[in-house]
Student: 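Dropping a structure here in structure tokens format, bear with me for questions.
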Amino acid sequence: MKSDISGFPEFLPNEQIAFNNVMNTIKEHFELYGFVPMDTPAVERIETLLAKGNDSEIYGLYRLADENSKKSLGLRFDLTVPFARYVSSHHGRMIFPHKRYQIAPVWRGERPQYGRYRQFYQCDVDIIGEDELSISHDAEILKLITETLRDLNIPEFTTKVNNRKVLTGFLKHVIVGEHAEEKILECMHLIDKIDKLSVDEFWKGMEEFGISSKDLTKLKSFLEVEKRGSNEEILKMLKPLNFSAEFNEGVSELETVLDLLKKFGIEDRYVKISTSLARGLSYYTGTVFETSFDDIKDIGSIGGGGRYDDLTSMISGSDKKFVGVGASIGISRMVPKLIDKGLLNCAKSTTSQLLVTVQNRNFIGSYMKLSGKFRRLGIKTETYLQDKSLGAQIGYASRKGIKYVLIANDIELLDNKAIIRNLETKEQTVIRTEYMGKEVVDLLR
RNA sequence: GCGGGUGUAGCUCAGUUGGUCAGAGCGCCAGAUUGUGGCUCUGGAAGUCGUCGGUUCAACUCCGAUCACUCGCCCCA
């Protein structure tokens, strides 16, 4: 992937087609589950953005042209904050549970590097309810994400699942005193990074939270549970730990979600309990999950999400409570990687199915009319309008990946005859062009 | 925000201690092949060597500045 402006990727035609195919597949799956499209402005008020992110994440701070106005806008850095704002301003006219998806670019003011951009697409799905939302939706979202990724024909992937209450239920008991809440959050983030750190680094970091050595031993065995077997076995080991009521609730929710997934027909191999998974975002309160490729480790996660018990409180002070569960797929990171590795088909530099070649330019109108007949049959058709030899015209089709060319000289044209050549098999078929129907559509498939 | 690297044709890059060093491969265009692409062969177009300044008889080569891109860290998708 090359970008002329650092962090703002651009694709060549064949890559863009591959990217859009991925995006369309995701969109189709989201809609198959009844999620409605949603779009919001690229900018939000700075106050809204700062309610969640920090300054460095907001790429480009724009002040409105009116110098007297104190209002300033910034580019969104995710799709959740705009969604929260949207809900808090339109909830009176929305129907709950509300299911929406949004596939759109976001911008971040971070330094770019491989697999990390300043502009990238997020594919978000969320289900949001007023006051409460069945935990079945957690499983539904996981099912949707799993099926979507599965149907993308990408390499093997696994989704790690956990429940925030499992972690907080434990940590609340071992981290107490001043600033306990912040420390718990920090501690969770450290636990989340356990795979990236060395054993020494990790436990050295843990010491800073003032956890007793007895509790650290507990934590250690707890974190190692995930390495010991199947989800069922892990749950069996977690239950008797009985760290606190909240912990038990988390384990029970985790069990419910996994049980539902089984009932919903999602195979066990796609989902794996990970007791160390927390995810960075602070608003998650229950189920959390994160998906990565099994064999491609250097790009991090390709998607993730979770449950949040209070979406809009960070935006508005209203007493209304909106509970949601959502997920996001990071296609801007995933697609270029798959292209680099040759794991995504990007042989075609065109969406055309047929090229109508032009041999006698005096009949250009007839060729165009003929093209129109194919278009009305739903066949994506190009007419070759440059003054080049037939060989060059076919070469053009071949290089772009157009599978069929139509060849006809003026005599054939007047006789309502044409040759359809399949460039992959070299097969040629003579067709009649006055009344074309299903047989032509089948031929060009 | 902090710390490295690189900048020569559309792309990937080579250019020896400053002195025919402005090159190769791929791609592109044309022809061999007057209705039919990929292969092969032949020929062709294409670069103010990132930019500005300095050192020198001489700079793609050395020095400085600047811009751009890039890789790590932080953070994230």
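Note on naming: letters A, B, ... go to the chains in the order of the sequence lines (proteins, then strands), and numbering restarts at 1 for each one.
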Student: Name the nucleic acid region contacted by A/Lys403, choosing base, sugar-phosphate or nothing; use a 4.0 angstrom heavy-atom cut-off, strictly under.
Tutor: nothing
Student: Tell me what A/Ala408 touches on the nucleic acid: a base, only sugar-phosphate, or nothing, going by heavy atoms under 4.0 Å.
Tutor: base
Student: Donor-acceptor pair under 3.5 Å: do we get one between A/Glu412's side chain and the base of B/G35?
Tutor: yes
Student: Hey, does A/Gly330 reach any base, or is it just sugar-phosphate, or nothing, if we go heavy atoms under 4.0 Å?
Tutor: nothing
Student: Can you tell me whether the side chain of A/Lys400 and the base of B/G37 have a donor-acceptor pair closer than 3.5 Å?
Tutor: no
Student: Quantified in whole Å, what is the C1' atom distance between nucleotide B/G15 and nucleotide B/G7?
Tutor: 15 Å
Student: Rounded off to whole Å, could you give me the CD-to-C1' distance for the A/Gln393 and B/U34 pair?
Tutor: 14 Å
Student: Between A/Ser6 and B/U70, does any side-chain N or O lie under 4.0 Å from OP1 or OP2?
Tutor: yes
Student: Where the side chain of A/Arg111 is defined as all heavy atoms beyond and including C-beta, which of B/G38, B/C28, B/G1 is the nearest nucleotide?
Tutor: B/G1
Student: Can you check the distance between B/A45 and B/G23, where both ends of the measurement are the P atom (answer in whole Å)?
Tutor: 12 Å
Student: Rounding to the closest angstrom, what is the interatomic distance between B/C60 and B/U42 at atom C1'?
Tutor: 32 Å
Student: Over all strands shown, is A/Gly115 touching base, sugar-phosphate only, or nothing at heavy-atom distances under 4.0 angstrom?
Tutor: base
Student: Is there a donor and acceptor pair closer than 3.5 Å between the side chain of A/Arg421 and the base of B/G37?
Tutor: yes
Student: Reading RNA chain B from 5' onward, which residue's closest nucleotide shows up sooner: A/Ser398 or A/Glu290?
Tutor: A/Ser398
Student: Taking the minimum atom-to-atom distance to the side chain of A/Gln113, which one of B/C71, B/G35, B/A77 wins?
Tutor: B/C71
Student: Tell me what A/Ile419 touches on the nucleic acid: a base, only sugar-phosphate, or nothing, going by heavy atoms under 4.0 Å.
Tutor: base
Student: Assign A/Gln119 to base, sugar-phosphate, or nothing according to its heavy-atom contacts below 4.0 angstrom with the strands shown.
Tutor: nothing
Student: Across the strands shown, which category fits A/Lys388 at heavy-atom distances under 4.0 angstrom: base, sugar-phosphate, nothing?
Tutor: sugar-phosphate
